[in-house]
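Beneath this line is the structure, given in structure tokens, with notes to follow.
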Amino acid sequence: MDFEPITRPLTDDEAKAEAERIIARSFRPEMPLVRHIPTSFRDDTPLPAYGDTPPVHQDDKRIVPAWAAGIAVASIGVGAGITGIGCGTWLVLQGLASVTLYGVLMVTLPFAGLAMVATAIGGAISKARKSVSKTVYEGPVVQNTQINNTSNQRGMFSRTRNDVR
């Protein structure tokens with residue numbers, strides 16, 4: 001049989017002859033209708049109980065591009081990082097879920113103490129600055145007070161304006 005690929009197109013006569021040959025071969029009466037071709041093989045020879053035969057080397061035919069391996073490693077890292085962030089968030093939210101008044105007071109107590117100390121130091125510095133620069137005014141003091149009352153009353157609504165100068 002000739003299994004060489006045909007590199008040129010067949011002429012009409014060659015194609016007709018090839019088709020007749022295939023049809024005649026397919027419908028020959030001496031060929032069985034169903035062919036039994038083995039699709040698997042089982043080796044039933046017993047295995048030795050022990051031995052010193054070295055393992056057979058099996059070549060690894062898988063080819064993984066470098067970019068695919070990089071993406072796989074990066075996705076594992078991102079997954080681990082997100083898992084850590086999720087666990088941290090869960091812990092924080094569990095802590096916030098069990099907040100009590102005493103807990104809030106205990107947390108804010110150091111900040112309140114620090115603010116109190118800062119206020120006391122600021123007040124002491126302010127007092128120290130005022131005591132250094134003492135301003136004294138000397139001279140006569142005149143005080144005038146003048147009150148003008150104007151009242152306009154017409155009907156139901158009234159308005160009173162007091163000007164104090």
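One-based numbering along the sequence shown.
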How long is the gap from CD1 on I82 to SG on C87, to the nearest 0.5 Å?
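It is 11.5 Å, given to the nearest 0.5 Å.
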Hey, what do you get for CG (L109) to CG (L114), rounding to the nearest 0.5 Å?
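Those atoms lie 11.5 Å apart.
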Just by modelled atom types, is the G122 backbone N or O under 3.5 Å from a matching donor or acceptor in the S126 side chain?
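Checked: no pair found.
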Residue among E18, R25, E20 satisfying side-chain contact (heavy atoms from CB on, under 4.5 Å) with I22:
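One option only clears the test, and that one is E18.
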Mind checking side-chain contact (heavy atoms from CB on, under 4.5 Å) for T11 and listing every partner two or more places apart, or none if nothing turns up?
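D13, E14.
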